[in-house]
Amino acid sequence: MNLLRCSGLSKRYGNKLALDNVDLTLETGSPIALVGPNGAGKTTLMSLLLGFIKPSSGKISVFGEQPGSSTLLGKVAALTQDAVLDPDFSLLTQLALYARLHGFSGKSADAEALRVLALVGLSDAINSLPKALSHGMGKRAAIAQALIGNPKLVLLDEPTAGLDPVNARNIRELVADLSPDITFLISSHNLEELEKLCGKVLYLDHGKLSQAVDLSAPDQQAYLTLQMHPCDMSALQAHLQHLPGVEAIQFSGKHTLVLQYLPEKATELDIQLLQLLKQQRLQYRMLLNGRTLEDQLFS
Ligand SMILES: Nc1ncnc2c1ncn2[C@@H]1O[C@H](COP(=O)(O)OP(=O)(O)OP(=O)(O)O)[C@@H](O)[C@H]1O
């Protein structure tokens, strides 16, 4: 199903061109990442999508409708980075109130609040006050709020920022569990996390959509990424260069090499590489079929 269509989309704040002629079509499904340096235009794109601001020029539609139109009410939701609940009212009270604002009445509002709190694993904390919750639980409560009314698109801005690794993982699992019934658009600077979670990555830079990487598609050119325990990396690079089909080898950090190869000339390159490491008595930490998202975006 078509999720988003932008053509020639631009947004100007005074002299500042925050979004510059963006053409983009997205379908519903696995989570979509929105990345880019500070000031690249990510928040501007999300605000346009939510109908909070209007384009300066160009067109944008969400599920075929104008952002902000009444037909999208309840279909699109967002968790902003600094979303907070009132510290002095219980989770159930507040979420039931939000459910009423979404059109649920009386008991069905309570039921909806309980449903979304269960989805995020907070059934035991329904009577807790937000001020008594840990940071991770607070984040989950804020996500629960965004899930009220069964939206089809949820925008998450830095959903795991400031969370410890275990809580960050819980949020990732939650997002993965809820996809693809809900399509998530996630703005984040955490590439490793996005790589684990998303099917597609949009890269904005200076307001331009400079790349759209499909993580589920095999790399057009073939790559292997090899991360080693400390060893003589230059000597290893020289050995690897002689494996059949290897076209180029680049460093990606001190102990990581990215091999580009020609699939038609390299048969079972991964096996040959492992045999070479064994012969040389070298220990690897990780062998990845392909390139990391960071290498795809920045090399
Ligand atoms: N209301 C505004 N008035 C003027 N300029 C703005 C306004 N909002 C954003 N900008 C400018 O537009 C550009 C894009 O900002 P935006 O907040 O969309 O970037 P971002 O990618 O979300 O950045 P960050 O990663 O830092 O959150 C920036 O140069 C910013 O200073």
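Values below: all heavy atoms of this structure, side chains included; hydrogens, waters and symmetry mates excluded. Nothing here was measured: the structure is a model prediction, and the numbers come from that model. Ligands are counted one by one from 1 in listed order, and the atoms in each one are counted from 1 as well.
Judged by distance alone, the side chain of Lys200 and the main-chain N or O of Val213 form no donor-acceptor pair under 3.5 Å.
For ligand 1, the atoms closer than 4.0 angstrom to any heavy atom of Asn38 are 23 (O), 24 (P), 25 (O), 26 (O). The Ala40 neighbourhood of ligand 1 comprises atoms 19 (O), 20 (P), 21 (O), with distances under 4.0 Å to a heavy atom of that residue. Heavy-atom proximity to Thr43, at under 4.0 Å, picks out these atoms of ligand 1: 17 (O), 18 (O), 20 (P), 22 (O), 27 (O).
Between Gly36 and ligand 1 there is no heavy-atom distance shorter than 4.0 Å. Ligand 1 is approached by His189 to a heavy-atom distance shorter than 4.0 Å.
Residue Ala18 has no N or O atom closer than 3.5 Å to an N or O atom of ligand 1.
Put simply, the side chain of Pro87 does not reach to within 4.5 Å of the side chain of Leu129, judged on heavy atoms. Between Cys6 and Ile60, some side-chain heavy-atom pair lies under the 4.5 Å cut-off.
By the criterion of a heavy-atom distance under 4.0 Å, both the backbone and the side chain of Lys42 are placed next to ligand 1.
Using a cutoff of 4.0 Å between basic side-chain nitrogens and carboxylate oxygens, Glu112 and Arg115 are scored as salt-bridged.
When the ring pair (Phe, Tyr, Trp, His ring centres under 6.0 Å) test is applied to Phe104, no partner is found at least two apart in sequence or on another chain.
Residue pairs that meet the side chain to side chain donor-acceptor pair (under 3.5 Å) test with at least one member in residues 125-136, sequence neighbours left out, are Asp88-Lys131.
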